[in-house]
Amino acid sequence: MSPSTVRRRSRMRRAGESAYGLLLLAKAGLTALLVVLLAAAGAWTSWDTAEPAMFPEDGKRGTFTVEKCGTDRCHGSFTPRGDGGRARDGVSISRTVAEGRGRTLDVALRTGSAGDGPDAEAVRTGPAGTLYAWVPLAGALLLASVVVAGGLRLRRTAWVLALLGVGVMGASALTL
């Protein structure tokens, strides 16, 4: 065919191809937004527990002695480390991190959890507590990896996200 006899596609076909391209772009953008939303929700949920575990305030770091355990929480006494804190009875912690009566754990009191009252809530500190605090983010990364692999077709990125999530969960399980 000579260059002068090249036939142009019709206006309707060109509009249809442009609309299809726009739909593909919108799908990729919405999927990426969903991944970012999942990661942000996981980080937001984790930060509530991770902040006192990683950066405890003065007077809110100490040891927790398990006295009794219920179905999902263990209760005991808190002894502050250093000056500025006071000993408390009736402090609770998740049974997942405090299995066993008479066990002593390094903890920090959560801010805003009746920290000055009798029903204060403690979180575990150190590597075990920090890793356990980031488990919701790890779960969000696992879920986001499925979305990245299926929706964005970025398999290597999805594997990295999944391995990060599984790594944090596994390390948390091993250190508890």
Side-chain angles (χ1 to χ4, degrees), residues 1-57 60-61 70-74 92-99 105-115 120-176:
M1 271 174 126
S2 69
S4 62
T5 60
V6 173
R7 290 184 48 165
R8 288 182 45 186
R9 294 176 303 201
S10 71
R11 191 174 301 186
M12 286 299 288
R13 181 167 179 173
R14 284 183 284 158
E17 289 171 354
S18 295
Y20 183 72
L22 187 61
L23 285 174
L24 288 177
L25 186 62
K27 175 192 160 222
L30 289 173
T31 306
L33 183 65
L34 178 62
V35 169
V36 169
L37 181 67
L38 286 170
W44 184 275
T45 303
S46 294
W47 186 248
D48 189 38
T49 305
E51 183 181 18
M54 294 176 8
F55 312 112
E57 298 173 13
K60 294 200 174 193
R61 178 175 235 161
T71 56
D72 61 341
R73 307 228 25 106
C74 289
S92 68
I93 193 168
S94 173
R95 184 177 180 154
T96 309
V97 297
E99 188 70 40
L105 306 167
D106 289 330
V107 298
L109 295 179
R110 287 177 68 172
T111 305
S113 68
E121 185 177 340
V123 293
R124 194 159 171 192
T125 57
T130 302
L131 286 169
Y132 181 73
W134 289 110
V135 165
L137 176 63
L141 289 176
L142 275 174
L143 184 57
S145 72
V146 173
V147 175
V148 167
L152 295 176
R153 305 281 188 212
L154 298 173
R155 289 185 180 90
R156 290 182 191 154
T157 305
W159 273 107
V160 169
L161 290 174
L163 289 175
L164 281 172
V166 168
V168 170
M169 286 183 181
S172 173
L174 289 175
T175 57
L176 288 178

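- Nearest heavy-atom pair across V168 and W134 is CG1-O, 4.0 Å.
- E57 pairs by the side chain to side chain donor-acceptor pair (under 3.5 Å) definition with T111, not counting sequence neighbours.
- Across A120 and L109, no two heavy atoms sit closer than the pair CB-CD2, 4.2 Å.
- Every pair passing salt bridge (charged side-chain N to carboxylate O under 4.0 Å, His left out) that includes a residue from residues 36-50 is listed here, sequence neighbours excluded: D48-R110.
- Surrounding CH2 of W44 are at most 12 heavy atoms belonging to other residues, nucleotides or ligands under 6.0 Å away.
- Applying the salt bridge (charged side-chain N to carboxylate O under 4.0 Å, His left out) rule to R14 yields no partners; only residues at least two apart in sequence or on another chain are considered.
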Residues 169-176, side-chain donor-acceptor partners within the protein, below 3.5 Å, at least two apart:
{"from": "T175", "atom 1": "OG1", "to": "A171", "atom 2": "O", "distance (Å)": "3.0"}
{"from": "T175", "atom 1": "OG1", "to": "S172", "atom 2": "O", "distance (Å)": "3.2"}

Which atom pairs, donor and acceptor, lie under 3.5 Å between side-chain atoms of residues 135-153 and protein residues at least two apart or in another chain?
{"from": "S145", "atom 1": "OG", "to": "L142", "atom 2": "O", "distance (Å)": "2.6"}

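- What you find for A53 and R61 is that their closest heavy atoms are O-NH2, 4.5 Å.
- Considering all non-hydrogen atoms of both residues, R124 and V97 come closest at NH1-O, 3.3 Å.
- Remark: side-chain polar atoms of T130 are not paired, donor with acceptor, to backbone N or O of M54 under 3.5 angstrom.
- Residues forming a side chain to side chain donor-acceptor pair (under 3.5 Å) with R9 (at least two apart in sequence, or on another chain): E17.
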